[in-house]
Visitor: 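Have a look at this one.
All values below come from the heavy atoms of this structure, side chains included, with hydrogens, waters and symmetry mates left out. Lettering follows sequence order; numbering is per chain, from 1.
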Amino acid sequence: MAKVLTSKAENYSQWYNDLVSKADLAENSAVRGCMVIKPYGYAIWEKMQAQLDKMFKDTGHVNAYFPLFIPKSFFSKEAAHVDGFAKECAVVTHYRLMNDPDGKGVVVDPDAKLEEELIIRPTSETIIWSTYKNWIQSYRDLPILCNQWANVVRWEMRTRMFLRTTEFLWQEGHTAHETAEEALAETTQMINVYASFAEDFMAIPVIKGAKSANERFAGALETYTIEALMQDGKALQSGTSHFLGQNFAKAFDVQFANRDGKLDYVWASSWGVSTRLIGALIMAHSDDNGLVLPPKLAPYQVVIVPIYKNDEQLAEISVKADEIVAKLKARGISVKYDNRDSQRPGWKFAEYELKGVPVRLAIGPRDLENGSIEVARRDTLEKSIEQLENIDQFVADLLDKIQENIYNKAFQFREENTTKVDSYDQFKDLLVTKGGFFLAHWDGTVETELKIKEETKATIRCIPFDGAKEEGKCMVTGKPSSQRVIFALAY
RNA sequence: CGGGGUGUAGCGCAGCCCGGCUAGCGCACCUGGUUUGGGACCAGGGGGUCCCAGGUUCGAAUCCUGGUACCCCGACCA
């Protein structure tokens, strides 16, 4: 087959860029750092949205929408929060353009300067908590369990399609509670929702855990994360859920009358996942032939390619193909019958491999005679001839198998690339030669964490929830530690 | 924001050092024909402010100055 992608081995990040563009997911736009998400890429996002939205609703949440602009003054109300975001905010200073008095084009009208600048949201805690203040008077108004699907802007220095773009799409949940326990339970519930979405739908195994103080969200008391391992041995933070304590309630003076008739500040959580998940999907499963999509998120789960020599043959094949389409659709399987005459079969095979369609069916004159059909699976690239009868059942089972197989493959990869280390020298060596996740003891101090980051670029990805309690010594300082944490190089 | 690199047809590139006739190649595109079980072949055809602005020169894709955009490597991050 003609090679259209740089191979992973040759240059991983070039492979990634090639794939994004050749699989028609996204392209760079006229605006620095901002991408155009193309229909095929957006279709994957829509699948993700639909499933996540369902999971949010099933756990009692509702959707709302808050403004894109945030008054600058809101940002000074929570000190840690502004520290975290100040350096990457886009600011609106004027509201009008005028014709350039000196010639062609337009300039900003200096008379149209805003009294107070507006920040384009990098995240919505501040605008939402200023709103919640009006919604909450009593414990009877709690909890508030809102989510919003939105775009946000963070003025990043270096961008990469899906992984880090200046503008990105996400969802952000913002909840308000009577008690710390309730807010913490919500924080935990949502990291669990993210983990099951990642594992059951994206087919990506993740490690749930808490961020170290240093890696926490700006303004949070706890940040929980799901960490996934990519095929190049680097970690990708794939979703976070924050316990915000009473920080934002205090910053925006959101108090409520509790059950004892006393005023108290509201407890909060926030949680989000973004279009970065598409980057995770690419880097977790795909190969040198292109994208490999988990069936549960593939815009098309099945494609049917007819093979024919003339119009009569195509007509005969189409009768069969239409039957198959109807049977698959009846099972809720999304299928495309590609009967375009403008491309030849070989071209189509390569194209759908590039786009990661999980199952490809090819049907030609030979099959009409034999009552058979060729089935090709994207994950293993295996082909087989199957009976046309009950092909819908066969395909339905195969899609389940593929979903399971790519999860298992990713899981096995993670197992093979998770290493327990006890000495700092061994850690430094294997970090470079092997990569992946490292389970190591850490003394719990920011100083040690920063020293490791400075010397190796590795960070603590999380303190895993299900990590075994185990007495040990910090690999750097030798001070006591009660649990191994996960270190890795990260995106 | 620091270091390096690149902007020439929709995409990928050659030409630039050493200025000179009509700016070239591959893919893609259009037309016709033959094809169609792994990215078809033949013939014909269309498409260019050579990133932008200024300068040097009889003459600039090519040399000079400034700007700008993108890519790669670092520090910052979902």
Side-chain angles (χ1 to χ4, degrees), chain A residues 1-6 11-14 16-18 21-22 27-35 83-89 122-123 150-172 194 211 214-218 223 225-228 235-242 270-280 289-290 305-311 313-314 317 339-354 360-370 372-376 381 383 385 453-454 457 459 490-491:
Chain A
M1 189 203 311
K3 199 185 98 163
V4 291
L5 299 178
T6 304
N11 183 338
Y12 192 85
S13 71
Q14 189 58 48
Y16 177 85
N17 289 338
D18 284 358
S21 119
K22 294 289 166 53
E27 63 188 33
N28 279 313
S29 71
V31 183
R32 177 198 159 80
C34 294
M35 63 179 172
D83 277 356
F85 287 103
K87 288 167 291 183
E88 50 185 36
C89 284
T123 180
N151 56 341
V152 287
V153 168
R154 296 181 189 175
W155 213 265
E156 302 289 351
M157 288 304 176
R158 274 187 73 192
T159 60
R160 292 196 66 194
M161 299 245 229
F162 292 113
L163 297 176
R164 187 177 304 106
T165 45
T166 301
E167 179 190 12
F168 58 94
L169 305 183
W170 78 345
Q171 60 66 217
E172 46 181 328
Y194 289 153
K211 285 290 184 187
N214 184 51
E215 297 276 330
R216 248 175 231 152
F217 176 76
T223 288
T225 177
I226 51 171
E227 297 287 324
L236 186 73
Q237 177 176 311
S238 304
T240 46
S241 182
H242 314 290
S270 70
W271 29 274
V273 294
S274 71
T275 37
R276 171 178 257 203
L277 290 180
I278 296 176
N289 294 313
V305 177
I307 292 149
Y308 56 95
K309 295 199 193 301
N310 52 50
D311 287 350
Q313 256 180 17
L314 176 60
I317 291 163
N339 61 353
R340 285 178 298 171
D341 193 39
S342 52
Q343 305 295 354
R344 300 166 77 255
W347 189 94
K348 292 176 187 174
F349 293 171
E351 175 73 4
Y352 292 114
E353 257 158 38
L354 211 38
R360 182 186 74 233
L361 303 175
I363 178 164
R366 232 149 54 192
D367 300 301
L368 290 185
E369 264 178 50
N370 304 335
S372 65
I373 190 161
E374 183 189 84
V375 180
L381 297 171
K383 289 192 285 197
I385 305 295
K453 184 175 179 183
E454 200 168 303
K457 291 174 198 154
T459 49
Y491 277 95

Visitor: When every nucleotide of nucleotides 3-13 of chain B is labelled 5' to 3' by its protein contacts under 4.0 Å (heavy atoms), B for base, S for sugar-phosphate only, - for none, what sequence of letters results?
Guide: -----------
Visitor: Take the protein atom CG of A/Leu354 and the nucleotide atom P of B/G38, then report the distance between them rounded to whole Å.
Guide: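 Answer to the nearest Å: 18 Å.
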Visitor: Excluding sequence neighbours, so at least two apart, what forms salt bridge (Lys or Arg N to Asp or Glu O under 4.0 Å) with A/Glu156?
Guide: none
Visitor: Using the P atom on both, measure B/A78 against B/U6 and round to a whole Å.
Guide: 34 Å
Visitor: List for me each residue that meets ring pair (Phe, Tyr, Trp, His ring centres under 6.0 Å) alongside A/Phe168, sequence neighbours excluded, and say none if there are none.
Guide: A/Trp170
Visitor: Atom CD of A/Glu351 to atom P of B/C27: distance rounded to whole Å?
Guide: 18 Å
Visitor: Rounded to the Å, how far apart are A/Asn28 CG and B/U68 P?
Guide: 19 Å
Visitor: May I ask you to check whether A/Asn339 and A/Tyr308 show a side-chain donor-acceptor distance below 3.5 Å?
Guide: no
Visitor: Can you check the distance between B/C50 and B/C13, where both ends of the measurement are the C1' atom (answer in whole Å)?
Guide: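 Those two atoms are separated by 13 Å.
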Visitor: Can you list everything that forms a ring pair (Phe, Tyr, Trp, His ring centres under 6.0 Å) with A/Phe217? Sequence neighbours excluded, please.
Guide: A/His81, A/Phe85, A/His242
Visitor: Paired with B/C70 by Watson-Crick or G-U wobble geometry, both distances under 3.5 Å: which nucleotide is it?
Guide: B/G5
Visitor: Applying a 4.0 Å non-hydrogen cut-off, can you work out what A/Leu169 is touching in the nucleic acid: base, sugar-phosphate, or nothing?
Guide: nothing
Visitor: Is the closest side-chain heavy-atom distance between A/Leu368 and A/Ile317 below 4.5 Å?
Guide: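 A/Leu368 vs A/Ile317: side chains touch.
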Visitor: What's the closest nucleotide to the A/Ser13 side chain, out of B/G39, B/C73, B/G38?
Guide: B/C73
Visitor: Quick one: look up who B/A60 pairs with, Watson-Crick or G-U, both distances under 3.5 Å, and put none if it's unpaired.
Guide: none
Visitor: Using the P atom in both, what is the distance from B/C64 to B/G5, to the nearest Å?
Guide: 14 Å
Visitor: Could you go through the side chain to side chain contact (heavy atoms under 4.5 Å, CB included) check for A/Leu5 and A/Tyr16 one step at a time?
Guide: CA-CA 9 Å; A/Leu5 299 178; A/Tyr16 177 85; over 6 Å; no
Visitor: Which one is paired to B/C16, where only Watson-Crick or G-U wobble pairs with both distances under 3.5 angstrom count?
Guide: none
Visitor: Which part of the nucleic acid does A/Gln14 contact within heavy-atom distance under 4.0 Å: base, sugar-phosphate only, or nothing?
Guide: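 Answer is nothing: A/Gln14 stays at 4.0 Å or more from every strand.
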Visitor: Applying the side-chain contact (heavy atoms from CB on, under 4.5 Å) test to A/Arg154, which of A/Arg164, A/Glu88, A/Lys87 qualifies?
Guide: A/Glu88
Visitor: Both distances under 3.5 Å, Watson-Crick or G-U wobble: report the partner of B/A43, or none.
Guide: B/U31
Visitor: On a whole-Å scale, what distance lies between the C1' atoms belonging to B/C25 and B/G15?
Guide: 11 Å
Visitor: Whether A/Arg366 and A/Glu374 form a salt bridge (side-chain N of Lys/Arg under 4.0 Å from carboxylate O of Asp/Glu) is what I want to check.
Guide: no
Visitor: Between protein and nucleic acid, restricted to nucleotides 74-78 of chain B and to nitrogen or oxygen atoms under 3.5 Å apart, what atom pairs and distances do you find?
Guide:
| from | atom 1 | to | atom 2 | distance (Å) |
| --- | --- | --- | --- | --- |
| B/C77 | O2' | A/Glu156 | OE2 | 3.0 |
| B/C77 | O2 | A/Arg164 | NE | 2.1 |
| B/C77 | O2 | A/Arg164 | NH2 | 3.0 |
| B/C77 | N3 | A/Arg164 | NE | 3.1 |
| B/C77 | N3 | A/Arg164 | NH2 | 2.5 |
| B/A78 | O3' | A/Gln237 | NE2 | 2.6 |
| B/A78 | O3' | A/Arg276 | NH1 | 3.1 |
| B/A78 | O2' | A/Arg276 | NE | 2.7 |
| B/A78 | O2' | A/Arg276 | NH1 | 2.1 |
| B/A78 | O2' | A/Arg276 | NH2 | 3.3 |
| B/A78 | N6 | A/Thr165 | N | 3.3 |
| B/A78 | N6 | A/Thr165 | O | 2.4 |
| B/A78 | N3 | A/Ser274 | OG | 3.3 |

Visitor: Looking only at atom C1', what distance separates B/G67 and B/C30, rounded to whole Å?
Guide: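 Per the computed distance, 39 Å lies between those C1' atoms.
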Visitor: When you measure from the side chain of A/Asn17, which nucleotide among B/C71, B/G39, B/G37 comes out closest?
Guide: B/C71
Visitor: Quick one: does A/Gln343 reach the base of B/G39 with a side-chain donor-acceptor pair under 3.5 Å?
Guide: no
Visitor: What is the distance, to the nearest angstrom, from the CZ atom on A/Arg340 to the C1' atom on B/G39?
Guide: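 That distance rounds to 13 Å.
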Visitor: What is the distance from CD1 of A/Ile363 to C1' of B/G38, rounded to the nearest Å?
Guide: 18 Å
Visitor: In whole angstrom, give the distance that lies between atom CD1 of A/Ile317 and atom C1' of B/G37.
Guide: 10 Å
Visitor: Is it the case that A/Glu167 and A/Asn151 place a side-chain donor and acceptor less than 3.5 Å from each other?
Guide: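 Judged by distance alone, the side chains do pair up.
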Visitor: Please list, pair by pair, any protein nitrogen or oxygen found under 3.5 Å from a nitrogen or oxygen in nucleotides 40-46 of chain B.
Guide:
| from | atom 1 | to | atom 2 | distance (Å) |
| --- | --- | --- | --- | --- |
| B/A40 | OP2 | A/Arg344 | NH1 | 2.2 |
| B/A40 | O4' | A/Arg344 | NH1 | 3.1 |

Visitor: With both distances under 3.5 Å as the test, what is the Watson-Crick or G-U wobble partner of B/U49?
Guide: none
Visitor: Have a look at A/Arg360 and say if it touches a base, only the backbone sugar-phosphate, or nothing, with a 4.0 Å heavy-atom cut-off.
Guide: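 Base: the residue A/Arg360, judged by heavy atoms under 4.0 Å, touches a nucleobase.
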Visitor: Is a side-chain donor or acceptor of A/Glu351 paired with a backbone partner of A/Trp347 at a separation under 3.5 angstrom?
Guide: no
Visitor: CG of A/Leu314 versus P of B/G37: gap in Å, rounded?
Guide: 14 Å
Visitor: Considering only the C1' atoms, how many Å lie between B/C17 and B/U62, rounded to the nearest integer?
Guide: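 Rounded to whole Å, the distance is 9 Å.
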Visitor: If I take atom CG in residue A/Leu361 and atom C1' in nucleotide B/G37, what distance separates them, rounded to the nearest angstrom?
Guide: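 Value for this atom pair: 14 Å.
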Visitor: Please report the C-alpha distance between A/Asn11 and A/Thr6 in whole Å, then the side-chain angles of each, then the deciding distance to 0.1 Å, and finally whether the side chain to side chain donor-acceptor pair (under 3.5 Å) criterion is met.
Guide: CA-CA 7 Å; A/Asn11 183 338; A/Thr6 304; over 6 Å; no
Visitor: Does any part of the side chain of A/Arg160, heavy atoms only, come nearer than 4.5 Å to the side chain of A/Asn17, both counted from C-beta?
Guide: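 The answer is yes; the side chains approach within 4.5 Å.
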Visitor: Looking only at atom C1', what distance separates B/U65 and B/C27, rounded to whole Å?
Guide: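 Pairwise C1' distance, B/U65 against B/C27, rounds to 37 Å.
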Visitor: Expressed in whole Å, how much space separates the C1' atoms belonging to B/A23 and B/G59?
Guide: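 One C1' to the other, the span is 16 Å.
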Visitor: So, do A/Leu277 and A/Ser238 sit near enough that their side-chain heavy atoms are less than 4.5 Å apart?
Guide: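 With C-beta onward as the side chain, the pair touches.
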Visitor: Going by heavy atoms in the side chains, are A/Leu236 and A/Arg276 under 4.5 Å from each other?
Guide: yes
